[in-house]
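No hydrogens, no waters, no symmetry mates; every other heavy atom, side chains included, goes into these values.
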Amino acid sequence: MVEQYQKELNLQLWQIATHLRGQMQGDDFRNYILGLLFYKYLSDKLIRYADELLLDDGIRFAQIDEKSEDGQEYLEAIKEEARNVLGYFFKPSELFHVLAEAGANGKFILDDVRDVLNDIEQSTMGADSADDFDGLFDELDLTSNKLGKTPDARNKLIAKVLEHLDNIDFHLENSEIDILGDAYEYLIGMFASGAGKKAGEFYTPQILSKLLAKLVTLGNEDIESVYDPTCGSGSLLLQAARESRNLDVKCYGQEQNPNTYNLARMNMIMHGLDYDGFDIKNADTLHAPQHLNLRFDAIVANPPFSMHWSPTPLYMSDPRFAESGKLAPKTKADYAFIQHMLYQLSDTGTMAVVVPHGVLFRSLAEGHIRKFLIKDKNYLDMVIGLPSNIVLGTGVPVCILVFKKSRKVDDNVLFIDASQHFEKGKNANYLREEDLQRILNAVSKRENIDQFSHLASISDIAEQDYNLNISRYVDASPQSVYLRGLKEQLQEYEACLLLPYTLHSFRYRTDSDKQDLDNTLVISKTFGM
């Protein structure tokens, strides 16, 4: 029942967003509807909290007369409590329902909406929550021509958004599911699916987030902290927090894009994290890291693939990069992110990061760093190949690298090729729940599974010159599977039907094969027959 309610609610929200944005770009309208949805969340939460405080007085928060002396005393007392517990406060006249009703009645509410968003932020000044609310509504420019060419047109659109959101009941009795928070994240995902290359900057598909979260909490369910250095809208952090048995797990993240940074903070709050339950910073992670003095039990990340960065010789003395003796190339920061995260990982922690396949085999500086992490540090624990076109905004094949600092000298590295197990979509490929479980079962068993997983020793990897290309360890290509099946059929025919032909040789071409034969079966007639 709850899941069905959530699905219906999500669909209703998306229909509202699609209808109201008209010709406006999805990226632009996303900021408004998500920001106003967040305002509704804060309003509903304040009403419930304040009404509980006023229970013995027999009145409700919305009924307080703000101009009376008694009303002002009530508001001062509630404000003090709310700032300490919720982290914010605003007056009954500024509640979401009040402004939505005024807008529905044809009143001009743009200035009132702007004022209440400003008041919410101002109410946190001097409180512990100030950093989490600072500039939170900066992207909601109610004077933008994107909303309409005239103030009346802009007012009409915002009033419609408030009215539609106000008519939705986000509260379901006896539900442990975060209805409004999940609806918020659903909208982020829907906007991401139509955002093209920009999508990967702020959203990781939920099933992929779930996989990463389970990988870093497997055997480590009581994590106290989780970190994402390129956190986008925060979906990876929230998934990892859900997988933890520790209800007080704290989320740390860093995001360079100011708009996405605001989405992440709203996402944290709307999923029930108290203002002291997360620490998200707005800065460039590689050049201005904000959490270097901390170590984390779990790290999850989907960094921008092969991003350009600006290392200088001074970075050779940076503790994140100095030990390997090489810096990631300027045109490919993948290993810079990996080294940064490993520096922040605790000695007993686990880290899972999504990377492009080039990270597995590229040479020069990247090859040197890869060898250092495997041979000298023994940090690499798993390599999981995923289907292509599974990360929004990029069609390149990707994989997950899992690292641990607590590995023993003789521990093997698990290779998994899950690239052939997915559902094909219109704009992207998708991992299904059964695909997720197939991967997790292989991770749990940690054994060789034909055409899917392989345990490789460090010496095996050394023989491959530390090239981690998955096809060198697991052969699960459709071509290979087909030819193996054909070989088995021919052998069965020979044994059972006594055909006058015998299988002489069987070969298929690999990347390293220089033979002229290409996927050829060579069959010789049995002598004397």
Got a second to check how far [X]'s [atom1] is from [Y]'s [atom2], nearest 0.5 Å?
{"X": "Asp131", "Y": "Arg265", "atom1": "CG", "atom2": "CZ", "result": "8.5 Å"}
{"X": "Met382", "Y": "Lys404", "atom1": "CE", "atom2": "NZ", "result": "5.5 Å"}
{"X": "Asn31", "Y": "Leu263", "atom1": "CG", "atom2": "CG", "result": "6.5 Å"}
{"X": "Thr348", "Y": "Asn220", "atom1": "OG1", "atom2": "CG", "result": "6.5 Å"}
{"X": "Lys250", "Y": "Phe296", "atom1": "NZ", "atom2": "CZ", "result": "9.5 Å"}
{"X": "Tyr261", "Y": "Cys231", "atom1": "OH", "atom2": "SG", "result": "9.5 Å"}

Heavy atoms from other residues, nucleotides or ligands near [atom1] of [X] exceed 12 (cutoff 6.0 Å):
{"X": "Glu224", "atom1": "CD", "answer": "no"}
{"X": "Lys326", "atom1": "NZ", "answer": "no"}
{"X": "Gln437", "atom1": "CD", "answer": "yes"}
{"X": "Lys405", "atom1": "NZ", "answer": "yes"}
{"X": "Met316", "atom1": "CE", "answer": "yes"}

[X] side chain to [Y] main-chain N or O, any donor-acceptor pair under 3.5 Å?
{"X": "Gln254", "Y": "Gln290", "answer": "yes"}
{"X": "Asn378", "Y": "Lys408", "answer": "yes"}
{"X": "Asn429", "Y": "Ser388", "answer": "yes"}
{"X": "Glu121", "Y": "Gly135", "answer": "yes"}

To check you understand the geometry: which heavy-atom pair defines the closest contact between [X] and [Y], and what is its length?
{"X": "Leu212", "Y": "Leu236", "result": "CD1-CD2, 3.3 Å"}
{"X": "Tyr88", "Y": "Leu42", "result": "OH-O, 2.6 Å"}
{"X": "Ala328", "Y": "Trp309", "result": "O-NE1, 3.3 Å"}

Checklist entry - How far apart are the C-alpha atoms of Phe452 and Asp417, what are their side-chain angles, what is the distance that settles it, and do they pass the side chain to side chain contact (heavy atoms under 4.5 Å, CB included) test? => result CA-CA 5 Å; Phe452 191 70; Asp417 189 342; 5.7 Å; no
Could you tell me if the side chain of [Y] sits less than 4.5 Å from the side chain of [X], heavy atoms only?
{"X": "Leu414", "Y": "Val402", "result": "no"}
{"X": "Ile458", "Y": "Arg407", "result": "yes"}
{"X": "Lys377", "Y": "Phe372", "result": "yes"}
{"X": "Ser324", "Y": "Leu373", "result": "no"}
{"X": "Pro258", "Y": "Asp138", "result": "no"}
{"X": "Leu292", "Y": "His340", "result": "yes"}

Under a 4.0 Å threshold between the charged nitrogen and the carboxylate oxygen, would [Y] count as salt-bridged to [X]?
{"X": "Asp381", "Y": "Arg446", "result": "yes"}
{"X": "Glu433", "Y": "Lys210", "result": "yes"}
{"X": "Asp435", "Y": "Arg438", "result": "no"}

Checklist entry - Pairs in or reaching into residues 328-337: which pass side-chain hydrogen bond (donor to acceptor under 3.5 Å, both in side chains), with residues at least two apart or in two chains? => result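 For residues 328-337, and leaving out neighbouring residues, the side-chain hydrogen bond (donor to acceptor under 3.5 Å, both in side chains) pairs sorted by first residue read Ser306-Asp334, Asp334-Arg362.
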Checklist entry - So, Asn246 and Ser244: side-chain donor and acceptor under 3.5 Å apart, yes or no? => result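 Result is no, nothing qualifies.
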Item to check | Side-chain donor-acceptor contact under 3.5 Å, Ser235 with Ser233 | outcome: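 Not at all, the side chains of Ser235 and Ser233 share no donor-acceptor pair under 3.5 Å.
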Checklist entry - What do you reckon, are the aromatic ring centroids of His291 and Tyr343 less than 6.0 Å apart? => result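 Not close enough - the centres of the two rings lie 6.0 Å or further apart.
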Item to check | With Ser444 via side chain to side chain contact (heavy atoms under 4.5 Å, CB included) - residues at least two apart | outcome: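 Listed in chain order: nothing, the list is empty.
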Checklist entry - Only one of Asp228, Asp132, Leu237 forms a side chain to side chain contact (heavy atoms under 4.5 Å, CB included) with Ile280, so which one is it? => result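 That would be Leu237.
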Next on the checklist: ring-ring contact (aromatic ring centres under 6.0 Å, His included), that's the test. Do His287 and Tyr315 meet it? Break it down for me.
Outcome noted: CA-CA 9 Å; His287 299 294; Tyr315 278 85; 5.6 Å; yes
